[in-house]
Amino acid sequence: MGKWFAVLLATASFAACSGDNGGEGGEGGAAAGTGAGTPTSSGVGAGTPTSSGVGAGTPTGSTGATPTGTTGAGTPTGSTGASPTGGGNCTGGVDIATASGNPFEGAELFVDPGYVAKVQSSIDKTTDAALVEQMKKVQKISTAFWLDRIAAVDGLAAHLDAALALQNQICKPVTSVIVVYDLPNRDCFAEASNGELRVENGGVERYRNEFIAPIKAILAAHPNQRIVAVIEPDSLPNLATNLGKKDCTPETEKAYREEVAHAISELNMPHVYQYIDAAHSGWLGWPDNQTKGAEIFSDVIKAAGNPAGVRGFATNVANYTQLSYSTESYDQQSNPCYGEFDYVDAMAAALADVGLGDKHFIIDTSRNGRGNIRADWGYWCNNIGAGMGERPKANPGGATRLDAFYWVKPPGDSDGTADKNAERYDLFCGYENADQRAPEAGHWFHEYFVECVKNANPPL
Ligand code: BGC
């Protein structure tokens with residue numbers, strides 16, 4: 001992903017964020033605002049929610065989410081999912097309904113066996129016993145399964161089978177999170193995550209027929225489990241701020257609008273909870289950008305027929321912005337939304353203005369544990385000093401209709417290569433705060449993973 005950041009536009013015409021982010025170290029927080037942000041929650045412990053919440057997604061108990069323990073990939077044996085091995089006593093089915101509509105609530109969050117294996121590769125290289133223990137804790141944390149190319153869809157059925165097998169084994173709803181990320185002309189304002197599909201080469205047809213259609217079929221074949229789908233990171237936000245620049249052409253705009261609408265309408269199923277990517281505070285945090293973004297979201301959702309399965313929006317995906325803070329090392333350029341809590345409150349208000357006042361949010365907290373790690377808010381590539389943030393958790397509070405903290409970006413996966421000769425080299429991956437050892441986007445970056453573990457906040 002090439003997260004970009006929008007240049008400051010006009011002065012705020014209204015106070016979309018309170019700007020009063022008061023307090024420090026998790027005190028105070030976004031809910032103090034009185035502006036248009038309609039902060040509803042009490043804002044207790046905004047920065048550091050204690051894990052007292054009911055139905056927190058990540059049980060600390062020994063069962064964890066990895067049924068087979070720490071070795072191996074955690075995949076329950078047998079991939080059909082029809083008959084869980086050993087101890088399965090809910091083969092008749094588990095009631096996956098959620099009274100509140102929040103798919104994270106009361107659920108075990110599925111741990112991606114592929115991520116467990118990647119972390120294992122780092123454990124195998126690590127001699128420091130304390131660090132190994134911390135890494136083993138990471139192996140129990142749920143991260144998203146990225147459908148970032150057509151070929152990745154091949155692994156989806158087995159992934160969901162494994163989640164279902166676990167659900168049958170523990171007799172409790174298991175929620176899996178996927179990311180749908182293969183739009184034609186993807187990553188139009190950056191290079192690092194340019195995709196495989198191009199509009200001019202039949203990319204729209206391929207997106208529909210070879211990507212969305214098989215995903216739809218697989219999701220439809222797994223109706224008895226909760227599936228969260230994060231929809232096309234960066235795409236609609238790029239239309240709000242970067243049109244006319246780089247590859248964000250009229251053709252790209254048409255494809256993004258129409259294909260996001262197509263995706264959300266095709267994936268509209270009762271057990272699939274969709275969250276459309278809505279950038280982060282350092283991108284659409286300025287009121288003008290928010291307004292534009294909300295209008296685009298509304299247009300696209302309407303064009304899709306207002307699917308009930310669009311639960312809301314995902315913010316901070318693959319970014320580093322903290323939940324709340326009052327000062328940063330970079331110039332905040334009069335952006336009134338300092339952190340993600342403020343931003344969610346403000347975005348909720350902007351969405352209400354366009355008739356989307358019922359939407360919910362999730363915040364990616366995979367790598368936002370530490371601030372003051374970049375010279376510019378716009379730096380998005382493998383920032384040195386980053387640490388894992390809050391663990392995935394349902395109903396953490398702190399901002400309007402916040403369904404969950406979640407690790408959408410698997411920490412340890414690179415944001416983009418630092419190899420200046422690579423085809424997908426992006427200048428941002430060469431800037432002073434970017435780790436210069438980085439492999440291609442999505443590839444495992446052991447050294448960076450180690451840093452994220454060591455810098456985790458809260459600590460592992
Ligand atoms: C990459 C994807 C990858 C994802 C998760 C993105 O930046 O472009 O290929 O799957 O990150 O690591």
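For reference, positions follow the sequence shown, starting with 1. Keep in mind that the numbers below use all heavy atoms, side chains included, and drop hydrogens, waters and symmetry copies. One-based numbering, in listed order, for ligands and for the atoms of each.
- Listed by chain and number, the residues in a salt bridge (charged side-chain N to carboxylate O under 4.0 Å, His left out) with E440 are R424 (sequence neighbours excluded).
- Ring-plane geometry between W283 and H280 is classed as perpendicular, the angle between the planes exceeding 60 degrees on a 0 to 90 degree scale with a lower cut at 30.
- Ring planes of F449 and W444: tilted class, angle from 30 to 60°.
- Atoms of ligand 1 found under 4.0 Å from any heavy atom of D413 (numbered from 1 in listed order, with element): 5 (C), 12 (O).
- Between S414 and ligand 1, not a single N/O pair is under 3.5 Å apart.
- Taking every heavy atom of Y181 and a limit of under 4.0 angstrom, the matching atoms of ligand 1 come to 8 (O).
- No part of R149 comes within 4.0 Å of ligand 1, judged by heavy-atom distances.
- Residue G442 has at least one heavy-atom neighbour below 4.0 Å for each of these atoms of ligand 1: 3 (C), 12 (O).
- By the salt bridge (charged side-chain N to carboxylate O under 4.0 Å, His left out) test, K118 pairs with D413, sequence neighbours left out.
- Any N or O atom pair closer than 3.5 Å counts here, and D148 shares at least one such pair with ligand 1.
- Ring geometry, Y431 versus Y379: the interplanar angle falls from 30° to 60°, so the pair is classed tilted.
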